[in-house]
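What follows is a set of notes on a single structure, which appears directly below.
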Amino acid sequence: MSEEKKSLNFIEQIVEEDLANGMPKAQLKFRFPPEPNGYLHIGHTKAIGISFGLGLKYNAPVNLRFDDTNPEKEEQEFVDAIKRDIQWLGYQWAEECYSSDYFQQLYDWAIRMIQEGKAYVDSQTSEDMRVQKGTPTEPGTNSPYRDRSVEENLELFIGMKEGKFKEGDHVLRAKIDMTSPNMLMRDPIMYRIMYKHHHRTGDEWCIYPMYDWTHGESDYIEQISHSLCSLEFKPHRELYNWFRDHVFDYSKSEYPLIPKQREFSRLNLSYTIMSKRKLMRLIEDGVVAGWDDPRMPTISGLRRRGYTPASIRGFVETVGVSKRENVIDVALLEFKIREDLNKTANRVMAVLDPVKVVITNYPEGQEEILQAENNQEDESAGFREVPFSRELYIEKEDFREEANKKFFRLKLGKEVRLKNAYIIKAESCTKDENGNITEIQCTYDPLSRSGSGTPESMRRVKGTLHWVSIKHAVEAEVRIYDRLFLDEAPDSHKDKDFMEFLNSNSLETINAYVEPSLQSATIGDRFQFQRKGYFNIDDDSTPEKLVFNKTVGLRDSWGGGKK
RNA sequence: UGGCCCAUGGUGUAAUGGUAACACACCGGUUUUUGGUGCCGUUAUUCUAGGUUCGAGUCCUAGUGGGCCAACCA
């Protein structure tokens, strides 16, 4: 009955405080506001998890709002991908919104601000404006156009909207304070002229509102209670409130509630990058095949790699929420997917680097069907049939002519258990002219069959190997991935480009032999290749040519026994 | 020659003035027909210096270190 009290993160505490101070629970409303200029990545999952998590916790609506105010970079493809990824993660938004839906309202409010002397049209070049803006340590100076009359401002702004000027001729700026220690308060730009086709509004507009003017007011229009974003927006909060308070003054009867912005630190993952611009460069430079390349830290990439929604959600939950800069060890992500797949993925046998084994005392031409447990962590997973015969493949690394006691695998004169099958003993091996082992001759103990219940079958031998029957094995392509970067934080070096840290061996494609039960597997299916790791069927797979991705390896406490 | 934010094991996150906890990683043990899983265990001057307090990781001050802010990007 007594449920353990989980501690609240600082954002949940803010919500609880607001509730305690009298905010009705029904007023709680959140939003996730991606810009459709790229695919979502694992870093976004934190923001998604926070806002959608709050929605779930308080049974409050969460809007999905596309912050589409810059038609230069935004595309419908990204809108579609973002929706697909959020749905795949298992979250449901209340309403699908677009900042561009509010362009008219924003424009009307801007007119009102001009009328009240709160905004003016500036006609300097961007370079002049930059100089005049000052620096973080020096105050800015007023624009020579700052004191234009309301009438002139109105005429110019309306002219901007009507397409009477060229791009760059004029901008609309809020009139705040050019000497503010907060650079964002130094008369920020509200509108710029842009003759670009917008993926939603087409060519209806040739002026587009800037982020600060748009974002907060979109929150306000949607009556969002808590607008949660990452730390770099902290300095924007002052401006967020400035715009919000003016607009509230104009529209409080229609929109009675005011949103508040709060900031948390974004998620960084070791050995990768988390910037849409840089991820795009990996694609453009051909380092990866696309946004959904299994090596990418994108949601689409992780999905294709074989990650489950539950593992990703569990990951961001474990990572927590704070205001500290952080780099999460990618090992935690890997732990989360292993944790999930260990419970859910069926075990199968696949030999990735084969060497032939002949069981000399097994009758030629004989075959038999053995029973194999699908998942010892899940009794309901049942059993499958695995064919056995005289000639098998095992992993090359599982045999040595001689080795010390720490080598629990097959060596000359010693026994090993073949998983779900018999105990075999290595008698001899043959090599090619280069000394490479080409075949291992073994004998088997016919009474030792797994599950047969004989005393021989109960014998304990130290090693157990996976294998496939050569005659029955299915050939498959297996793609093995490694981290994309060799440096723990590739984009944290001021003096070096992140591309310098690329891992040139992040993809290895091999030909493997898998047990015949996998012939019927379909795209997305996940398995544990016993003793090897977790693998899933790639989008490129066909019944004629199976293609697997390595999602993550099994934890390996042996380390290969090198030296 | 400014403003704002942050500082707890290797990495993250708790402890909400009262015994520094949890997860991952690491190392060791145990179980095991996966060197997987499970189970058990080892590992900490809470950045520094002052101050407030019976009592400070927590509050105050200063310092140190890190981050953000000078796009007609979001």
Side-chain angles (χ1 to χ4, degrees), chain A residues 6-10 13 33-35 37 67-70 72-74 99 122 125-126 129-131 133-140 167-173 180-184 186 189-194 207-208 210-212 214-215 229 231-238 263 265 267 270 276-277 318-336 338-339 342-343 347 349 373 376-377 406-409 416-421 423 450-451 457-466 488 528-533 553-561:
Chain A
K6 255 195 78 184
S7 60
L8 303 176
N9 66 49
F10 82 96
Q13 286 176 33
E35 183 191 10
N37 68 342
D67 230 329
D68 55 350
T69 60
N70 186 1
E72 198 158 19
K73 301 198 225 166
E74 294 150 8
S99 289
D122 199 341
T125 63
S126 59
M129 279 181 55
R130 189 184 64 74
V131 172
K133 193 152 190 169
T135 70
T137 53
E138 298 159 35
E167 284 187 12
D169 280 358
H170 308 285
V171 293
L172 184 72
R173 300 178 75 175
S180 170
N182 183 348
M183 300 275 308
L184 288 153
R186 322 239 264 228
I189 294 172
M190 295 172 70
Y191 280 92
R192 76 283 214 190
I193 299 169
M194 243 181 156
I207 54 170
Y208 289 94
M210 301 289 288
Y211 166 82
D212 287 293
T214 311
H215 186 86
C229 59
L231 237 40
E232 67 269 29
F233 291 98
K234 176 73 216 298
H236 293 251
R237 189 151 115 193
E238 189 180 359
E263 311 82 12
S265 60
L267 167 72
S270 63
K276 282 189 271 190
R277 207 192 84 247
T318 302
V319 149
V321 182
S322 74
K323 300 173 84 159
R324 291 170 64 174
E325 289 297 318
N326 61 78
V327 181
I328 308 295
D329 193 338
V330 70
L332 180 63
L333 217 211
E334 295 179 342
F335 166 78
K336 284 293 171 182
R338 284 194 199 103
E339 182 185 42
N342 176 50
K343 284 179 283 200
R347 274 62 172 168
M349 293 194 287
E373 195 175 9
Q376 34 282 87
E377 304 293 321
K406 304 278 278 246
F407 186 76
F408 304 157
R409 308 179 183 190
V416 84
R417 159 74 64 186
L418 291 179
K419 181 78 185 168
N420 303 312
I423 294 173
S450 291
S457 72
M458 316 286 252
R459 279 169 53 210
R460 307 176 68 109
V461 284
K462 187 58 188 168
T464 301
L465 305 185
H466 61 279
E488 190 171 300
Q528 183 196 99
F529 287 1
Q530 274 182 127
R531 302 210 304 134
K532 285 281 145 195
L554 252 26
R555 209 166 135 255
D556 184 1
S557 56
W558 186 52

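Each chain gets a letter, A, B and so on, in the order its sequence line appears, and its residues count up from 1.
Taking 3.5 Å as the limit, the base of B:G36 and the side chain of A:Q376 contain no donor-acceptor pair of atoms between them. Interface remark: the A:R417 side chain does form a donor-acceptor pair with the B:U33 base, using a distance-only criterion of under 3.5 Å.
A sub-4.0 Å separation between OP1 or OP2 of B:U37 and a side-chain N or O of A:R555 is present. Phosphate contact (OP1/OP2 of B:G36, side-chain N/O of A:R347, threshold under 4.0 Å): absent. Contact between the side-chain N/O atoms of A:R237 and the OP1/OP2 oxygens of B:C5 is not found at any separation under 4.0 Å. Here A:R409 does not reach the OP1 or OP2 of B:G35: none of its side-chain N or O atoms lies under 4.0 Å away. For B:U32, the OP1/OP2 oxygens have no side-chain nitrogen or oxygen of A:T464 closer than 4.0 Å. Look at A:R192 and you won't find any side-chain N or O under 4.0 angstrom from OP1 or OP2 of B:A71. A sub-4.0 Å separation between OP1 or OP2 of B:U13 and a side-chain N or O of A:S322 is present. When the side-chain nitrogen and oxygen atoms of A:S265 are compared with OP1 and OP2 of B:G67, none of them lie within a distance under 4.0 Å.
Panel note: side chain A:Q13, backbone A:L8; a donor-acceptor pair is recorded below 3.5 Å. With hydrogens and angles disregarded, no donor-acceptor distance shorter than 3.5 Å links the side chain of A:R192 to the backbone of A:G168.
For the residue pair A:D67 / A:T214, no side-chain donor-acceptor distance below 3.5 Å is found, with atom types taken as modelled. Remark: the A:S450 side chain and the A:R417 side chain contain an N/O donor-acceptor pair separated by less than 3.5 Å.
Contact annotation for A:V319: backbone-only contact, meaning every heavy-atom pair under 4.0 Å involves sugar-phosphate atoms and none involves a base. At the heavy-atom level, A:T135 lies under 4.0 Å from base atoms of the strands shown. Heavy atoms of A:E138 sit nowhere under 4.0 angstrom from any nucleic acid atom. Base engagement by A:Q528 is indicated by at least one non-hydrogen atom pair under 4.0 Å involving a base atom. Heavy atoms of A:S126 sit under 4.0 angstrom from at least one base atom.
In this structure, A:L332 and A:V319 have side chains that are in contact, with non-hydrogen atoms separated by less than 4.5 Å.
Annotation: B:U42 and B:G29 have their P atoms spaced 15 Å apart (nearest Å). Comparing B:A14 with B:U46, their C1' atoms are spaced 13 Å from each other, to the whole Å. To the nearest whole angstrom, the two C1' atoms, one in B:U64 and one in B:A71, are 33 Å apart. Separating the P atom of B:C22 from that of B:U43 is a span of 13 Å, rounded to the nearest Å. When the C1' atom is compared between B:A74 and B:A62, the two are found 38 Å apart, to the nearest whole Å. Comparing B:G67 with B:C59, their P atoms are spaced 24 Å from each other, to the whole Å.
B:A7 is paired with B:U64 under the Watson-Crick or G-U wobble criterion, all donor-acceptor distances under 3.5 Å. Of the nucleotides present, none pairs with B:A25 by Watson-Crick or G-U wobble criteria with both distances under 3.5 Å. For B:C59, the paired nucleotide is B:G51, the pair qualifying as Watson-Crick or G-U wobble because both relevant distances are below 3.5 Å. Pairing for B:G2 is with B:C69, a Watson-Crick or G-U wobble pair whose two hydrogen-bonding atom distances lie under 3.5 Å.
Closest-nucleotide positions on RNA chain B for A:Y191 and A:G451 were compared, and the one nearer the 5' end corresponds to A:G451.
Ring geometry, A:H236 versus A:Y211: the interplanar angle exceeds 60°, so the pair is classed perpendicular (tilted spans 30 to 60°).
Spacing between atom CZ of A:R186 and atom P of B:A71 amounts to 11 Å, rounded to whole angstrom units. In this structure, A:L333 atom CG and B:A23 atom P are separated by 19 Å, rounded to whole Å.
Applying the 5.5 angstrom centroid cut-off and the 30 degree plane-angle cut-off, the aromatic ring of A:W558 is stacked upon the base of B:G35.
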